[in-house]
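Note: hydrogens, waters and symmetry copies are ignored here, and every other heavy atom, side chains too, is used. Protein chains get the first letters and strands the later ones, always in sequence-line order, with residue 1 at the start of each.
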Protein chains: 2
Amino acid sequence: MSAKSKPYPAEDEKTARYAKALGHPARIFILRFLDKQCACFAGNIVEQLPIAASTVSQHLNELKDAGLIQGEVNPPTIKYCINRPNWEEAKVLFGDLFGHEPAAAKSATDTEKCCL
Amino acid sequence: MSAKSKPYPAEDEKTARYAKALGHPARIFILRFLDKQCACFAGNIVEQLPIAASTVSQHLNELKDAGLIQGEVNPPTIKYCINRPNWEEAKVLFGDLFGHEPAAAKSATDTEKCCL
DNA sequence: ACAAATTTTCGTAAAAGTACGAAATATTTT
DNA sequence: AAAATATTTCGTACTTTTACGAAAATTTGT
């Protein structure tokens, strides 16, 4: 890292943080799984993946640190689920990055167009 | 990496690959810059960032490797721009991950709902 | 063509990420 | 309560990422 602690716009930092958490196929898989099933035990996830349980735990932790999931620890059961507020925030951030309107609409007003 | 080369669904691999490329604030910044300006010299980008030119070049390369940008090298000028087809693909992949319809619509049909 | 400026490549160093197995913790079942 | 299961933490090894400055390559201006 550079000398300054926050040299980038806050929105870029946030978007990058979520993107980083999404930057591994196992974590994408886990998120899709949780998005469908709403919640499940860690074991259910481990069964689906070709990696060791301890590694899954690690990925789960990274998703939790990034705020994309949360671990519910109600005494009898322990389950993970999507952190909906942050999931929505990430959705908005990515939507903003890629642009909400179709790309064609933008190119119409481009005056300084300079690549194909 | 594990023994098998492709143990994850192809769509998850693709999504993760794009997400990984987006997983650094400098790269988000660069992409936003290029999305606005359509194209520019590397120097224009370097000016905006608090990191060394060689590091920017590295980030530029990663974005290029991921397919999110392309470097046009027309003899007199050299410029970078968004790789539109792949940019659109990434947009679709993330849209698919986060769900196109509002999250409320899905929860209506949830029968095995088990988290808040 | 030559000099100045820009951009990339190279070499290096420090930090973070990925993965595993073993040990520790916690949870369920008998 | 004790045994069996399941989950996380710990320690380790290896790879990748991030960053810099110096050197090489490329491009622009005179």
Side-chain angles (χ1 to χ4, degrees), chain A residues 1-8 12-13 16-31 33-34 39-66 68-81, chain B residues 1-8 12-13 16-31 33-34 39-66 68-81:
Chain A
M1 291 179 193
S2 81
K4 294 176 172 187
S5 56
K6 288 259 176 190
Y8 301 102
D12 290 357
E13 297 265 10
R17 180 115 194 279
Y18 283 128
K20 196 178 180 186
L22 296 173
H24 193 288
R27 293 196 291 266
I28 296 283
F29 189 93
I30 290 168
L31 286 168
F33 191 73
L34 290 178
C40 63
F41 300 90
N44 301 41
I45 301 171
V46 173
E47 287 167 7
Q48 312 283 325
L49 292 171
I51 51 180
S54 57
T55 306
V56 173
S57 200
Q58 221 171 233
H59 284 305
L60 249 14
N61 248 317
E62 276 176 65
L63 288 171
K64 199 160 30 171
D65 286 349
L68 287 171
I69 65 172
Q70 57 193 139
E72 295 289 321
V73 202
N74 301 35
T77 49
I78 168 174
K79 36 192 173 177
Y80 282 101
C81 53
Chain B
M1 290 175 193
S2 83
K4 295 177 174 184
S5 56
K6 287 259 176 190
Y8 302 101
D12 289 358
E13 296 265 9
R17 179 113 196 275
Y18 284 129
K20 196 177 180 187
L22 296 173
H24 193 288
R27 294 197 289 269
I28 296 282
F29 189 94
I30 290 168
L31 287 167
F33 191 73
L34 289 177
C40 63
F41 299 90
N44 300 39
I45 300 171
V46 174
E47 287 168 8
Q48 311 284 324
L49 294 171
I51 50 180
S54 57
T55 306
V56 172
S57 200
Q58 225 172 232
H59 284 304
L60 251 12
N61 248 316
E62 277 177 63
L63 289 170
K64 197 158 35 171
D65 287 348
L68 288 171
I69 65 171
Q70 58 193 140
E72 296 289 319
V73 201
N74 302 35
T77 49
I78 168 173
K79 36 191 175 178
Y80 284 102
C81 50

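Applying the 4.0 Å criterion to OP1 and OP2 of dC20(C), one finds that T55(A) has a side-chain N or O inside that range. For dT8(D), the OP1/OP2 oxygens have a side-chain nitrogen or oxygen of S57(A) closer than 4.0 Å. Considering only side-chain N and O atoms, H59(A) lies nowhere under 4.0 angstrom from the phosphate OP1 or OP2 of dG17(C).
To the nearest 0.5 angstrom, I45(B) atom CD1 is 7.5 Å from Y80(B) atom OH. The CD1 atom of I28(A) lies 11.5 Å from the OH atom of Y8(B); values are rounded to the nearest 0.5 Å. Taken to the nearest 0.5 Å, the CG atom of L60(A) stands 4.5 Å off from the CD1 atom of I69(A). To the nearest 0.5 Å, the span separating OH on Y18(A) from CG on L22(B) amounts to 15.0 Å. The CD atom of E13(B) sits 8.5 Å away from atom NE2 of H24(A), with the distance rounded to the nearest 0.5 Å.
Remark on DNA chain D: of its neighbouring residues S54(B) and E62(B), the 5'-side contact belongs to E62(B), judged by nearest-heavy-atom nucleotide. Residues Q58(B) and R27(A) each lie close to DNA chain C; by heavy-atom proximity, the contact nearer the 5' end of the strand is made by Q58(B).
Between L49(A) atom CG and dT7(D) atom C1' there is a gap of 15 Å when expressed in whole angstrom units. As a whole-Å value, the separation of L60(B) CG from dT18(D) C1' is 15 Å. Distance H24(B) NE2 to dG17(C) P: 11 Å, rounded to the nearest Å. Note: CG (N44(B)) to P (dT7(C)) measures 7 Å, nearest angstrom. In this entry the distance linking CD1 of I69(B) with P of dT7(C) reads 14 Å, nearest Å. The CD1-C1' distance, from I30(B) to dT18(D), rounds to 13 Å in whole Å. Rounded to an integer number of Å, the gap from NZ of K79(B) to P of dT6(C) is 19 Å. Atom CG in N61(A) sits about 15 Å away from atom P in dA19(C), given to the nearest Å.
Each of dT8(C), dT9(D), dC20(D) was ranked by its minimum atom distance to the side chain of I51(B); first place goes to dC20(D). The side chain of K20(A) approaches dA16(C) more closely than any other nucleotide in the set dG21(D), dA16(C), dA19(D).
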